[in-house]
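Ligands are counted one by one from 1 in listed order, and the atoms in each one are counted from 1 as well. Everything numeric in this text was worked out from a predicted model, so none of it was measured.
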Amino acid sequence: METVGTVVWALWAMLPAYVPNNAAVLAGGGRPIDGGRTWGDSRLLGDGKTWRGTAAGTLAGAALAVALNALSPSVSAAVGYTLPTFPLLAGVGLAFGAMVGDIGASFLKRRSGRERGAAFPGLDQLDFVVGALVCAFVAAPSWFGETFTLPVLVVVLVATPVLHVVTNAIAYFLGLKNEPW
Ligand code: CTP
Ligand code: MG
């Protein structure tokens, strides 16, 4: 089944970008990136974007990429589909990009008058995907081209919002997040 193989490949390729925001939720706190600065009437980014959360998220995603590389031969054999592996720059690019995308979204939320924690449907589900893909493309262009073919990109853009809604709802009900988005 070609389609299943593409979905498995796409989700595996995006795992280092899926983990950072959740790691940031667990590890976040401390000094905000914007240092409390405002632009107009609103914070530049807000207290929800911290140095610690960003560093922890990036590290978690990059570490996951390294772990996935070790797992990929046995998992590939077990599921019967080839899985992508991550050069270090690709893993770091995906993880850091996911954090940057989320920070960019907070910037846009504050500019549009949304308080910390406010929902921005669409942006909330795709900010980190776009950040991760752009950053991975910049950090590891040839790997990006081989890994994210057009069908894979389509799967990523369709499946990620669904996964994001589900995982955030779980985090909310577990009491890890203050809002279910
Ligand atoms: N977090 C962090 N640093 C980041 C991203 C997230 O410390 N770069 C932590 C913060 O404790 C944040 C929590 O993870 O409150 C949830 O993240 P998110 O939903 O992205 O932030 P919000 O608090 O909702 O703020 P915003 O409205 O700016 O998204
Ligand atoms: Mg939020």
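Contact atoms of ligand 1 toward K177: 19 (O) (distance under 4.0 Å to a heavy atom of the residue). Residue-ligand proximity, A24 to ligand 1, at heavy-atom distances under 4.0 Å covers atoms 1 (N), 5 (C), 6 (C), 9 (C), 14 (O). The ligand atoms of ligand 1 that sit less than 4.0 angstrom from a heavy atom of G29 are 7 (O). Remark: ligand 1 atoms within the under-4.0 Å shell around heavy atoms of K109 are 27 (O), 29 (O). Short contacts between ligand 1 and R110, defined as distances under 4.0 Å to a heavy atom of the residue, involve ligand atoms 26 (P), 27 (O), 28 (O). Ligand-side atoms of ligand 1 in range of D102: 5 (C), 20 (O), range being under 4.0 angstrom from any heavy atom. Remark: ligand 1 atoms within the under-4.0 Å shell around heavy atoms of S106 are 26 (P), 28 (O), 29 (O). Listed by number with element, the atoms of ligand 1 under 4.0 angstrom from any heavy atom of R116 are 11 (O), 12 (C), 15 (O), 23 (O), 25 (O), 27 (O).
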* Output, in order, the C-alpha distance, side-chain angles, deciding distance and verdict of side-chain hydrogen bond (donor to acceptor under 3.5 Å, both in side chains) for R114 and S112. => CA-CA 6 Å; R114 289 174 172 80; S112 62; 2.7 Å; yes

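The backbone N or O of A27 lies less than 3.5 Å from a partner atom in the side chain of R52, making a donor-acceptor pair. Looking at K109, its side chain never comes within 3.5 Å of a backbone N or O of G113 through a donor-acceptor pair. A donor-acceptor contact shorter than 3.5 Å links the side chain of Q125 to the backbone of G122. In this structure, the side chain of T6 engages the main chain of E2 through a donor-acceptor pair within 3.5 Å. For T50 (side chain) and G53 (main-chain N/O), a donor-acceptor pair under 3.5 Å exists by modelled atom type.
Any N or O atom pair closer than 3.5 Å counts here, and W181 shares no such pair with ligand 1. Of the N or O atoms in G117, one or more lie within a sub-3.5 Å distance of an N or O in ligand 1.
At a heavy-atom cutoff of 4.0 Å, ligand 1 is contacted by no atom of D47, backbone or side chain.
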Taking distance alone, no hydrogens or angles, what donor-acceptor pairs closer than 3.5 Å link side-chain atoms of residues 155-169 to residues at least two apart or in another chain?
{"from": "T160", "atom 1": "OG1", "to": "Y18", "atom 2": "OH", "distance (Å)": "2.8"}
{"from": "T160", "atom 1": "OG1", "to": "V156", "atom 2": "O", "distance (Å)": "2.5"}
{"from": "H164", "atom 1": "ND1", "to": "N168", "atom 2": "ND2", "distance (Å)": "3.2"}
{"from": "H164", "atom 1": "NE2", "to": "D124", "atom 2": "O", "distance (Å)": "3.4"}
{"from": "H164", "atom 1": "NE2", "to": "N168", "atom 2": "ND2", "distance (Å)": "2.9"}
{"from": "T167", "atom 1": "OG1", "to": "L163", "atom 2": "O", "distance (Å)": "3.0"}
{"from": "T167", "atom 1": "OG1", "to": "H164", "atom 2": "O", "distance (Å)": "3.2"}
{"from": "N168", "atom 1": "ND2", "to": "H164", "atom 2": "O", "distance (Å)": "3.1"}

Side-chain donor/acceptor pairs under 3.5 Å, residues 82-103, sequence neighbours excluded:
{"from": "D102", "atom 1": "OD1", "to": "K49", "atom 2": "NZ", "distance (Å)": "3.3"}
{"from": "D102", "atom 1": "OD2", "to": "K49", "atom 2": "NZ", "distance (Å)": "2.7"}

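With hydrogens left out, the protein atom closest to atom 3 (N) of ligand 1 is T50 N, 3.1 Å, a heavy atom. Ranking the protein heavy atoms by distance from atom 14 (O) of ligand 1 puts V25 CA, 3.3 Å first. Nearest non-hydrogen protein atom to atom 20 (O) of ligand 1 is K49 NZ, 2.5 Å.
V152 is not listed as a side-chain neighbour of T147, based on a closest heavy-atom distance of 4.5 Å or more.
Note on ligand 1: G46 sits outside its first shell, no heavy atom being nearer than 4.0 Å. The closest approach between any non-hydrogen atom of R52 and ligand 1 is not below 4.0 Å. Heavy-atom distances between R114 and ligand 1 stay at or above 4.0 Å for every pair.
Within the set G28, G48, G57, the minimum heavy-atom distance to atom 6 (C) of ligand 1 is found for G48. Of the candidates L176, T58, T54, T54 brings a heavy atom nearest to atom 8 (N) of ligand 1.
The CG atom of L71 lies 5.5 Å from the CH2 atom of W12; values are rounded to the nearest 0.5 Å.
When T38, I33, D34 are each tested for a side chain to side chain contact (heavy atoms under 4.5 Å, CB included) with L44, only one passes: D34.
A cation-pi arrangement, defined by a distance under 6.0 Å to the six-membered ring centre and an angle within 45 degrees of its axis, is absent between R110 and F107.
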